[in-house]
Number of protein chains: 2
Amino acid sequence: MADIRDVAQRAGCSIATVSRALNSPQLVRPETLARVQAAAAELKFRPNALGRQLRGERTGLIGVMLPTLGNPVFADCLEGIEAAIDGTGRRLLLVTTQYDPERERNAIETLLQQRVDGLLLTLADAEHSALVDDLAAEGVACQLVYNDAPNRPCVSVDNRAAAAQGVSMLIEAGHRDIVMVTGALHASDRAKRRFLGYGDAMQAAGLTPLPAVEIDFNSGARGERVREWLAQRERDGARPTALFCSNDLLALGAMRALREAGLRVPDDISVLGFDGLAVGELLSPTLATVVQPSVEIGRHAAQRLLAQIDGRAASAAPGTVDANHALILPHAIRRGGTVAAPPRR
Amino acid sequence: MADIRDVAQRAGCSIATVSRALNSPQLVRPETLARVQAAAAELKFRPNALGRQLRGERTGLIGVMLPTLGNPVFADCLEGIEAAIDGTGRRLLLVTTQYDPERERNAIETLLQQRVDGLLLTLADAEHSALVDDLAAEGVACQLVYNDAPNRPCVSVDNRAAAAQGVSMLIEAGHRDIVMVTGALHASDRAKRRFLGYGDAMQAAGLTPLPAVEIDFNSGARGERVREWLAQRERDGARPTALFCSNDLLALGAMRALREAGLRVPDDISVLGFDGLAVGELLSPTLATVVQPSVEIGRHAAQRLLAQIDGRAASAAPGTVDANHALILPHAIRRGGTVAAPPRR
DNA sequence: GTGAAAGCGCTAACAA
DNA sequence: TTGTTAGCGCTTTCAC
């Protein structure tokens, strides 16, 4: 592979001139420039980014860490990130963690070793993680994505308020017997906040919040578990009239389980999701859900990160960046066919 | 940020010893090793991957280029890729191209400048692209993903045969009036092959293939176009009894348009997709579709690429790698609720 | 406008 | 077992 020296030799100049010709053409006499360009083309010269990155103090790499891409909510977010960095000449180094805290640690370390300019992270549980503090202490540019940790640089919706609003909608539709279905609560700060929101709405309506039904995401068989739980409730004659699922994927799985159990949605039981996946609108009935603007979350997070990175260079006093607080984007309620009035008893 | 020299000084040894302690601990006296490790920990030393990469001939980076992550088929594939490289100490450099050939060129160039060890690519149209030949000529390790180009290193299903089998299934269900709905044919080799498969099946049954209905993906309003076209056909009194959509996303959009036009699926019209998205199974009726094993496609492609990369080092004679042909994975037909017998006239 | 030279952080001969 | 040293490919003063 041709290197800058080869080009210099062929163009009959020094490597410094080649470098200038490539990076600051205006500093080079047009004639020389042409010779360099010709030489570079003939040799199919491909500048080695590693050399440049080792020399300079920026790599142009952005580290992105997400739990999984199996949930479209994260893929959507990644699209927003891509959109935001498009045209900036930056590239994405991507890692997924499967919600595993150990992998989170490793992944971040790896990304930092590659000298990424900044980090975009969705942590399983940002509140109980010292990681972010460590990063801040080290002066690493970083934005949390989806995690809504107050006083932290992050972009998200207000999960608690959003969940409360969704559940209120169920209550207004006449439901009193509402159960929340969720992944492992201890493993996700978002699920926890959504559960709090559920409680807020129930209590505000004078209803008693019920314990959450926790489903292990990693077990794969989400539908299975819903079905089991449902059968149990059915035997007790205590089937709720509505399910609030902590995310749309779970809602979809639950609906399937309900269907297989011979229940009709929404006639026998209503279902409300959280996320606002696009596919939800294509179903029939369409999935009622609390919509978070996933693409926008990704886009904003990336934009803030870029500002942070650029600002770090600009401002003499570090820490004066204005992207250091939480950015809470608006959520919305999508009323869908999966929510109706509870059945008459 | 602490550097290898700082660690050496603190541990009272040379930088070479530090390097050894970190990379080949067995070459270092236990006592020295301990001192180095202590020094590294105290200084929070984080080895700079760029330095190592510039020196060695491998970066451990894999370049991944996909059209979009908005279609779960690619997100799934990426999951498979991640799974395959997990534990190998490699990282993914990700770029999406939005099916734009110009972006494809740029992206690849960028990835090569970063000195990725290999490339995993889904091209809009692999057949009409000289890119892959160039890469091969340059000796770049590379696997195509989803593109089924014979005689090329790629992993895919047999799109033509798979489509034919799907359409045959429609024919067996009694349909004779089947139309294929697709994105721009000229922009995707897969769509083209699937259209050929459609033709094969029609002709094998003595039916006349109809022109494909092409929908511009980039226009965003996919449903719109389906609706327009449908209205047109309706006026002509020539509504087909079945739609074969070149991918599941399109099928979902089409179903929505049909629903909005007051048509029932599958009572008035049947719909068959292609991809086998997981969400298709959660719908009701469930989406009938030609299933390609997306995660496996990603996984195999990555595995082959790794073999190629490692082999390149091992074998003296380059080009002797056995991952140089096309790997065709088996497809399947998922019979779903969206396909039924055609309505009686 | 151009060149010589230092050096980014690391690894791998080669010596000791 | 450890140290010295020569680069990997590039950018960037500092001279000319």
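Only this structure's heavy atoms are used, side chains among them; waters, hydrogens and symmetry mates stay out. In what follows, every chain begins at residue 1, and chains take the letters A, B, ... in the order their sequences are listed.
Look at CZ on Arg55(A): it is 8 Å from C1' on dT13(D), rounded to the nearest Å. Atom CZ of Arg35(A) and atom C1' of dG1(C) are 11 Å apart (whole Å). Remark: C1' of dG1(C) and CG of Leu33(A) are 12 Å apart, rounded to the nearest angstrom. Rounded to a whole Å, the CG atom of Leu22(A) is 9 Å from the P atom of dC10(D). Atom CZ of Phe45(A) and atom P of dG9(D) are 10 Å apart (whole Å). Atom P of nucleotide dG3(C) and atom CD1 of Ile4(A) are separated by 12 Å, given to the nearest angstrom. Atom CZ in Arg5(A) sits roughly 14 Å away from atom P in dG3(C) (whole-Å rounding). Rounded to whole Å, atom C1' of dC8(D) lies 11 Å from atom CZ of Arg115(B).
Between Arg29(B) and dT1(D), a side-chain N or O to OP1/OP2 separation shorter than 4.0 Å is absent. Between dT11(C) and Ser19(B), a contact under 4.0 Å exists linking OP1 or OP2 to a side-chain N or O. Taking 4.0 angstrom as the limit, Asn23(A) places a side-chain polar atom (N or O) nearer than this to OP1 or OP2 of dT11(D).
Within 6.0 Å of CD on Gln9(B) lie no more than 12 heavy atoms contributed by other residues, nucleotides or ligands. Within a 6.0 Å sphere centred on CD of Glu102(B), heavy atoms belonging to other residues, nucleotides or ligands number 12 at most.
Of all nucleotides listed (dG9(D), dA12(C), dT11(C)), dA12(C) comes nearest to the side chain of Ala16(B).
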Open item on the list: The test is salt bridge (charged side-chain N to carboxylate O under 4.0 Å, His left out); show your working for Asp310(A) and Arg304(A) and say whether it passes.
Closed with: CA-CA 10 Å; Asp310(A) 294 342; Arg304(A) 282 161 58 103; over 6 Å; no
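Looking at Arg20(A), its side chain comes within 3.5 Å of the base of dG3(C) through a donor and an acceptor atom.
Remark on DNA chain D: of its neighbouring residues Gly12(B) and Leu50(A), the 5'-side contact belongs to Gly12(B), judged by nearest-heavy-atom nucleotide. With DNA chain D read from its 5' end, the first of the two nearest nucleotides for Leu27(B) and Pro47(A) is the one closest to Leu27(B).
When heavy atoms are screened at a 4.0 angstrom cut-off, Thr17(A) is found touching the sugar-phosphate backbone but no base atom. Ile15(A) comes within 4.0 angstrom of a base, heavy atoms only.
Between the side chains of Arg46(B) and Gln113(A), not a single donor N or O lies within less than 3.5 Å of an accepting N or O.
Two residues are said to be in side-chain contact when any heavy atoms from C-beta on lie closer than 4.5 Å; Gln308(A) and Val140(A) fail this criterion.
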